[in-house]
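Here's the structure, in structure tokens; my notes come after.
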Amino acid sequence: MDTVVKLMERVNNSQLTLKDRYPELYDLDKKNIVFVSPFFNKQGLYRMILPALELMETKRFSCVVTNILADDNTKSIDDFNVKLIPEIVRWADYIVFQANGQDMTGLIKTLKDINPKIKIVLDIDRNYHSLNPNNYIAKKFTIAKLRNLEKNLTLVDFSTYADRLTEDYYIKKTGVPLNTMIIPNLLSPLQFEGISKTAIAPITDNKVRILLMVDQEDWDDINNFRETINQIQVRIPQCKIYVIGNSLTYDTKNSLRLVSYIRVPFDDMSQYYKMIKRINPILAIVPCKKLSFSRNYYKILEMGAFGIPIVAMNEYPFNHILKKDVHILLAGQKKTFIENVKHVVDNVETKSKLSSNLQTFIQDKYSWNNTTMTNTWVSAFGG
């Protein structure tokens, strides 16, 4: 994460000269891409920050990240006023925005007036129309903002999606021809820079450490799984459940009430992967109730990168991306879910096989070393 942090410090420093803040503007004879105001969260990392850094490594692109916003779940999507300076707009061949609920009609006209050749891209990392009401992101996308999102998709030059299900949904939702492209989430070694030299000592005890992979957008899943988690602790009394994060509350409700767990807080994403390494879990459990396909698959990439076996319900995206009993253990019922967790804990061979298969699959398919992944990102921006 060292390179990402340095990038953030530079592009967020408005006191720097234009050349010092954005030296990429003076990198000639390349395709020029602007990634506008990503958040310092998983969406910002996988969909904008890491791709910008990796694309520049090809020597065929020059990428500007305008600024990197602190992840703040308390603010709505319209609380952030993005300011694009004309020098960047005139320089760009492509300008990429994250999914948003603002009406972009006036903004797109202004951008095209400044640079008629610029191509405007809207990136969609999940199905925002199918988010559960208890999902904190759903609070940001009201009905009016969802309508704006649909409208924006018809205004931009093209839109990008992390998976085909989401792409198909929005093509049908808008009801008009869309210029679309699937660009999978990108796993990068830059996420894990500095982990080996961290001063945070790993947890060492004789307990079975299980990582509960949840965050605020999983409130409804966790609330539905509290008894199942308690039963895991009954069946495996030597286990400890760890949760990475500062808050799993939605309004005044705590989705993990009545569950015994250890919270491992972190300040921002620069510490997140260090916390996973520190916990060093034997497996990760990802509770999910049956919902539509609104979940992203960041958890799969993270656990795969560390080779941490996953136990989940037989739901999207886990049954969509990973092969049952090869990369992951999937359950159709909560009773089977508990049995699968116990099987991984008790069976060293199963744990080792799942770990190796998952890590190899994720690193081969979703990293920049995969020529298909590289070509997909490069071709999207005319490289």
Side-chain angles (χ1 to χ4, degrees), residues 42-43 46-47 125-127 130-132 134-135 137 161-169 182 184-187 210-226 228-229 231-232 241-245 248 255 276 281-345 347 350-367:
K42 295 178 185 181
Q43 179 190 14
Y46 283 104
R47 304 300 298 174
D125 74 321
R126 75 190 80 194
N127 184 338
S130 297
L131 295 175
N132 186 279
N134 279 332
N135 183 321
I137 297 178
Y161 303 81
D163 59 77
R164 190 168 299 282
L165 286 175
T166 306
E167 178 195 47
D168 287 345
Y169 176 87
I182 295 174
N185 293 321
L186 177 63
L187 185 73
I210 296 176
L211 181 59
L212 180 59
M213 289 296 289
V214 295
D215 50 41
Q216 281 192 320
E217 64 185 79
D218 304 309
W219 189 94
D220 204 55
D221 290 335
I222 294 303
N223 196 48
N224 190 60
F225 265 81
R226 284 183 289 115
T228 304
I229 297 168
Q231 285 300 312
I232 289 173
I241 303 290
Y242 286 83
V243 175
I244 301 179
L248 278 168
S255 56
I276 295 177
I282 191 172
L283 81 156
I285 57 176
V286 191
C288 50
K289 62 184 293 188
K290 189 171 184 63
L291 293 169
S292 59
F293 57 98
S294 58
R295 299 183 185 91
N296 58 57
Y297 56 93
Y298 302 139
K299 297 181 180 70
I300 294 174
L301 300 184
E302 291 156 3
M303 296 301 96
F306 285 97
I308 300 171
I310 303 173
V311 175
M313 295 298 286
N314 190 21
E315 302 293 341
Y316 177 90
F318 308 100
N319 59 2
H320 181 71
I321 292 175
L322 303 178
K323 189 173 181 180
K324 182 180 179 182
D325 298 331
V326 175
H327 306 123
I328 188 172
L329 293 186
L330 296 173
Q333 298 179 345
K334 294 177 184 178
K335 180 179 178 181
T336 311
F337 184 95
I338 297 169
E339 293 298 331
N340 282 345
V341 172
K342 193 169 188 323
H343 180 64
V344 176
V345 170
N347 194 306
T350 297
K351 176 184 177 298
S352 177
K353 178 183 174 182
L354 289 171
S355 172
S356 177
N357 289 346
L358 177 62
Q359 189 171 46
T360 299
F361 174 75
I362 292 301
Q363 291 181 346
D364 286 350
K365 184 170 182 179
Y366 290 98
S367 76

inquiry  = Is any side-chain heavy atom of D168 closer than 4.5 Å to one of Y161?
reply    = no

request  = Sort and list the pairs that fulfil salt bridge (Lys or Arg N to Asp or Glu O under 4.0 Å) and have at least one residue in residues 324-345, not counting sequence neighbours.
outcome  = R235-E339, K342-D346

request  = Indicate yes or no: at least one non-hydrogen side-chain atom of I328 is less than 4.5 angstrom from one of L358.
outcome  = no

key: Q43 side chain reached by N296 side chain, heavy atoms, under 4.5 Å   = no

inquiry  = Less than 4.5 Å apart, side chain to side chain, heavy atoms only: is that true for I222 and P287?
reply    = yes

request  = Hey, could you give me the OH/CG distance between Y242 and L212, rounded to the nearest 0.5 Å?
outcome  = 13.0 Å

query = Donor-acceptor pair, S367 side chain versus Q363 backbone, under 3.5 Å?
reply = yes

Distance (rounded to the nearest 0.5 Å) between N319 CG and M313 CE = 11.0 Å

inquiry  = Taking the side chain as everything from C-beta on, heavy atoms only, tell me whether R47 gets closer than 4.5 Å to Y298.
reply    = yes

task = For the pair N357 (side chain) and V326 (backbone), establish whether a donor and an acceptor sit closer than 3.5 Å, ignoring hydrogens and angles.
result = yes

request  = Kindly compute the distance separating CG (L329) from OG1 (T336), expressed to the nearest 0.5 Å.
outcome  = 11.0 Å

ask   = Between Y316 and D163, is any side-chain donor less than 3.5 angstrom from a side-chain acceptor?
value = yes

task = Evaluate the side-chain contact (heavy atoms from CB on, under 4.5 Å) criterion for residues I300 and H327: first the C-alpha distance (whole Å), next the side-chain angles of each, then the deciding distance (0.1 Å), finally the verdict.
result = CA-CA 10 Å; I300 294 174; H327 306 123; over 6 Å; no

message = Within this structure, what is the NZ-CD1 distance for the pair K351 and I308, rounded to the nearest 0.5 Å?
response = 9.0 Å

request  = Start with the C-alpha distance between H320 and Y297, add both sets of side-chain angles, then the distance that settles side-chain contact (heavy atoms from CB on, under 4.5 Å), and finish with yes or no.
outcome  = CA-CA 10 Å; H320 181 71; Y297 56 93; over 6 Å; no

inquiry  = Between M303 and V286, does the side-chain contact (heavy atoms from CB on, under 4.5 Å) criterion hold? Intermediate values first, please.
reply    = CA-CA 11 Å; M303 296 301 96; V286 191; 5.9 Å; no

request  = Apply salt bridge (Lys or Arg N to Asp or Glu O under 4.0 Å) to E315 and R295, showing your working.
outcome  = CA-CA 10 Å; E315 302 293 341; R295 299 183 185 91; 5.5 Å; no

query = How about F318 and C288: do any of their side-chain heavy atoms sit closer than 4.5 Å?
reply = yes

inquiry  = To the closest 0.5 Å, what do you measure between CG (L211) and CD1 (I282)?
reply    = 12.5 Å

request  = Please name the pair of heavy atoms, one in M213 and one in A284, separated by the smallest distance, quoted to 0.1 Å.
outcome  = CG-CB, 3.8 Å

message = If you compare all heavy atoms of A162 against all heavy atoms of N185, which two are closest, and at what distance to 0.1 Å?
response = CB-OD1, 3.9 Å

request  = Measure the spacing between OG of S355 and CZ of F306 and express it to the nearest 0.5 Å.
outcome  = 12.0 Å

query = Between I232, L354, V341, I210, which is the residue that forms a side-chain contact (heavy atoms from CB on, under 4.5 Å) with V311?
reply = V341

query = So, do F361 and Y366 sit near enough that their side-chain heavy atoms are less than 4.5 Å apart?
reply = yes

request  = Start with the C-alpha gap between F337 and Q231, add the side-chain angles, then the distance that decides, and say whether side-chain contact (heavy atoms from CB on, under 4.5 Å) holds.
outcome  = CA-CA 10 Å; F337 184 95; Q231 285 300 312; over 6 Å; no

key: Which atom of I285 lies closest to which atom of L283, heavy atoms considered   = CG2-CD1, 4.1 Å

Steps toward salt bridge (Lys or Arg N to Asp or Glu O under 4.0 Å) verdict (K299, E302) = CA-CA 5 Å; K299 297 181 180 70; E302 291 156 3; over 6 Å; no

